[in-house]
Structures are given as structure tokens and as C-alpha cells.
Number of protein chains: 2
Amino acid sequence: MDASAPKPNYPKLADFMCFAVYSTNLAYGRAYKPILEALGVTYTQWIAIVALWEDDHQTVSTLGEKLFLESNTLTPILKKLETLGYLRRERDPKDERQVIVSLTQAGRALREQGAQKTLVKATGLEPEEFRVLQKAIVKLRTNLLHHAADPAD
Amino acid sequence: MDASAPKPNYPKLADFMCFAVYSTNLAYGRAYKPILEALGVTYTQWIAIVALWEDDHQTVSTLGEKLFLESNTLTPILKKLETLGYLRRERDPKDERQVIVSLTQAGRALREQGAQKTLVKATGLEPEEFRVLQKAIVKLRTNLLHHAADPAD
DNA sequence: TCCGATTTAATCGGATCCGATTTATATAGG
DNA sequence: CCTATATAAATCGGATCCGATTAAATCGGA
């Protein structure tokens with residue numbers, strides 16, 4: 001090869017939107033770790049409990065829609081939370097294909113206990129700034145999920 | 001328990017900043033999947049190649065700082081990319097503790113091939129909107145990584 | 001010089017995340 | 001009624017991600 005071949009001037013990794021999201025997700029995981037460790041659950045387990053606290057007695061599919069996960073990921077997590085005593089998994093008698101997931105009293109207590117420990121201050125953002133950014137990220141998520149497969153995008 | 005006990009009015013999961021970042025990261029992974037599948041690499045493998053293309057001949061630690069990963073995650077990925085022929089891993093003769101990672105010609109070619117396929121349009125954002133949001137997310141990441149462990153934040 | 005402390009990768013086990021498949025149940029059409 | 005199709009959850013293998021530990025090399029002070 002030609003050692004003097006000019007290197008194309010591509011955008012830097014540090015300016016990639018995907019990498020900003022990816023690495024910020026890693027940062028959140030690390031910031032949350034000590035808090036959730038004290039509660040005895042992982043991040044994904046925690047958001048499952050929060051979602052159930054908002055709407056109890058959901059099917060695995062319905063819960064998965066809210067968490068953007070499917071049964072292949074959710075089932076093992078829900079089984080783990082069941083062994084921990086935070087929820088129940090019961091087949092729906094009306095349709096045995098479905099599994100209804102419900103928080104136990106311990107599960108509700110855990111969510112209310114964890115409510116005291118948020119990372120709002122750790123974001124270093126003013127309330128309005130926080131609100132605007134959160135909505136912008138959600139808009140980005142919606143666009144990514146809805147975008148048509150376009151060969152030249 | 002008291003079945004009529006009022007349910008506290010906590011923020012909704014849909015308004016959590018952490019969940020916006022988490023779920024948007026999932027959305028990016030899904031949007032990128034077909035593109036990277038055509039290239040034959042995963043997302044993490046891809047950003048490792050991009051980072052090496054920008055600065056070649058880095059140690060595992062230095063590369064890890066840029067990717068926000070450590071050797072426990074990076075080593076298996078780099079080994080995989082080595083077997084795929086995209087990079088070389090060589091102990092530094094000056095300090096045998098360190099491993100120098102370098103792209104092969106095939107690795108550079110892959111990065112330049114993938115440069116044509118970005119998801120900028122899929123974000124549905126105007127250029128200025130994109131730039132502002134990207135910087136805001138990076139700022140959030142920085143704040144999260146630097147925040148002092150505060151019991152009441 | 002010598003040996004304890006430090007540094008760097010690598011290894012290991014546990015928990016996601018995902019594509020693909022399987023199992024069980026429900027539904028619809030003949 | 002009976003079967004082909006559809007749907008929901010579970011299972012499985014591969015690839016991260018991380019805390020904790022290990023192995024090897026280097027450094028530094030007595």
C-alpha cells in the first residue's frame with residue numbers, strides 16, 4: 001500500500017450520536033450500581049419493578065413493550081425477581097399462553113424504598129435543562145425505532 | 001395491608017433520564033444491526049475499529065479510556081477482531097505488560113467501507129439539532145462519571 | 001541489589017441482550 | 001370436529017459488560 005495515502009476526514013467517534021448514547025448508558029450503569037446494589041437488584045430488574053409498580057398485573061408482552069424488551073430477555077429476569085420474592089408469575093386462566101406478572105408487597109415496598117435514591121442531582125442539569133434533554137432523547141429513540149430501512153441514510 | 005392505601009405519586013418511568021438513555025441505546029443497537037451485520041461485526045467491535053482508525057497503535061488501556069471500557073471487556077473483543085484479521089495484538093517490547101493494538105489493512109478498509117453507512121438521517125434531526133443534542137448527552141455523561149458519591153442526590 | 005508495591009492484561013462468573021427456534025395454547029376455516 | 005395457522009412465552013447460543021481475582025512485568029525504596 002501507499003504509506004503516504006491521505007487518510008479520509010471522517011467524523012470523530014467522539015462526535016457520534018450513537019456513541020454518546022452508548023457511553024452515557026455505561027456511565028448511568030456505573031453511577032446506579034452502588035444505589036441498586038444497596039437495594040439488591042440490577043438496573044434491568046429495577047426498571048421492571050418500576051414499570052410494574054405503575055401498572056400491575058401485566059403480561060410479559062405488555063411489560064416488554066414498555067421496557068423495549070422481549071420474552072427472551074424478560075423471562076429470565078422475571079424468574080429471578082420471582083425467586084427474590086418481589087413478584088409473582090401466573091398463567092392467565094383465560095388464555096394459558098399468557099403469563100400475568102404482579103408485584104408482591106415486598107416488590108412494592110422495594111420500589112417505594114428506591115424512590116428516595118435518584119440520580120437527578122448527579123446529572124448536573126437544571127430542572128428545565130433536564131426536562132428538555134430527556135424529551136429530546138425520547139424523540140431520538142422514537143425516530144430510530146420508526147425509521148424505514150433506507151440504504152442511503 | 002390496607003387495600004385503599006394511596007399510591008405515592010412518583011415520576012413515571014417514561015420520564016426517567018436513565019431509561020431514556022437506556023432504551024435509546026437499545027434502539028440504536030437495533031437500527032445498527034443490519035448495517036453492521038453486512039460488515040460482519042458487532043457494534044462494540046465496530047467502535048473499537050473506528051477508535052483505532054483515528055489513533056492506531058494504542059495500548060488496551062488507552063483504547064479502553066476512549067471507549068469507556070476496561071480490559072475485562074476489551075480483551076475478548078480484540079481477540080475476536082484479531083481472528084477476523086482486522087487488527088494485530090503485540091506485546092510492547094519496551095514494557096511487556098502492555099499490548100499494542102494496531103489495525104491491519106483489512107481493518108482500515110472495513111472502517112472506510114462502513115463510513116458510507118451512518119444513521120444520521122434515521123435520527124430525524126436537523127444538523128444543528130443533532131449537534132446540540134449530541135453535546136448535551138456528552139455533558140450528561142461527563143457529569144455522571146464525575147459526580148461525587150452523594151447519599152442524597 | 002532486593003523485595004514489596006504498583007501497573008497492565010487476562011481470566012472467570014453472573015447478568016443482560018438478541019436472533020432463532022421450540023413448546024404450548026388459541027383461533028379459524030373447511 | 002380437525003387441522004393449519006397464529007400467538008405468547010420459554011429456551012438456547014453468541015456477544016457484551018462488569019466486579020473480583022490472577023499472572024506477569026515494572027518500579028521504587030531500604
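Keep in mind that what you see is a predicted model, and the values were worked out from it rather than measured. Order of the sequence lines sets the chain letters (A, B, ...), proteins ahead of strands, with each chain counted from 1.
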Spacing between [X] atom [atom1] and [N] atom [atom2], to the nearest angstrom:
X: B:Ile47; N: D:dC17; atom1: CD1; atom2: C1'; value: 12 Å
X: B:Lys94; N: C:dT8; atom1: NZ; atom2: P; value: 18 Å
X: B:Arg30; N: C:dC17; atom1: CZ; atom2: P; value: 9 Å
X: A:Arg91; N: C:dA26; atom1: CZ; atom2: C1'; value: 13 Å
X: B:Glu37; N: C:dA20; atom1: CD; atom2: C1'; value: 12 Å
X: A:Asn72; N: C:dT16; atom1: CG; atom2: P; value: 13 Å
X: A:Ile77; N: C:dG14; atom1: CD1; atom2: P; value: 17 Å
X: B:Leu36; N: D:dA15; atom1: CG; atom2: C1'; value: 13 Å

Report whether B:Ile100 and B:Leu78 are members of the same hydrophobic cluster (ILVMFWY, side-chain heavy atoms less than 4.5 Å apart, transitive linking). no
Linking I/L/V/M/F/W/Y whenever any side-chain heavy atoms sit under 4.5 Å apart, do A:Val50 and A:Val138 land together? no
Taking only side-chain N and O atoms of [X], does any of them lie within less than 4.0 angstrom of OP1 or OP2 on [N]?
X: B:Thr42; N: D:dT16; value: yes
X: B:Tyr22; N: C:dC17; value: yes
X: B:Thr75; N: C:dA10; value: yes
X: B:Arg89; N: C:dA10; value: yes
X: A:Lys79; N: D:dT11; value: yes

Scan [X] against the nucleic acid and name what it touches under 4.0 Å (heavy atoms): base, sugar-phosphate only, or nothing.
X: B:Gln45; value: sugar-phosphate
X: B:Thr44; value: sugar-phosphate
X: A:Leu74; value: nothing
X: A:Leu26; value: sugar-phosphate

[X] bridged to [Y] by N-O distance under 4.0 Å:
X: A:Glu54; Y: A:Arg111; result: no
X: B:Asp95; Y: B:Arg97; result: yes
X: A:Arg91; Y: A:Glu96; result: no
X: B:Asp15; Y: A:Arg131; result: no

Return whichever of A:Lys80 or A:Asp92 has its heavy-atom-nearest nucleotide of DNA chain C closer to the 5' end. A:Lys80
Which is more 5' along DNA chain C, the nucleotide nearest A:Phe68 or the one nearest A:Arg97? Just name the residue.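 Upstream on the strand: A:Phe68.
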G-U wobble or Watson-Crick pairing nucleotide for D:dG29 (cut-off 3.5 Å, both distances):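 Paired with D:dG29, as far as the under-3.5 Å criterion goes, is C:dC2.
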Does the D:dA10 base have a donor-acceptor partner in the side chain of A:Ser71 within less than 3.5 Å? yes
Nearest-nucleotide comparison on DNA chain D, the residue closer to the 5′ end among A:Thr73 and B:Glu70: A:Thr73
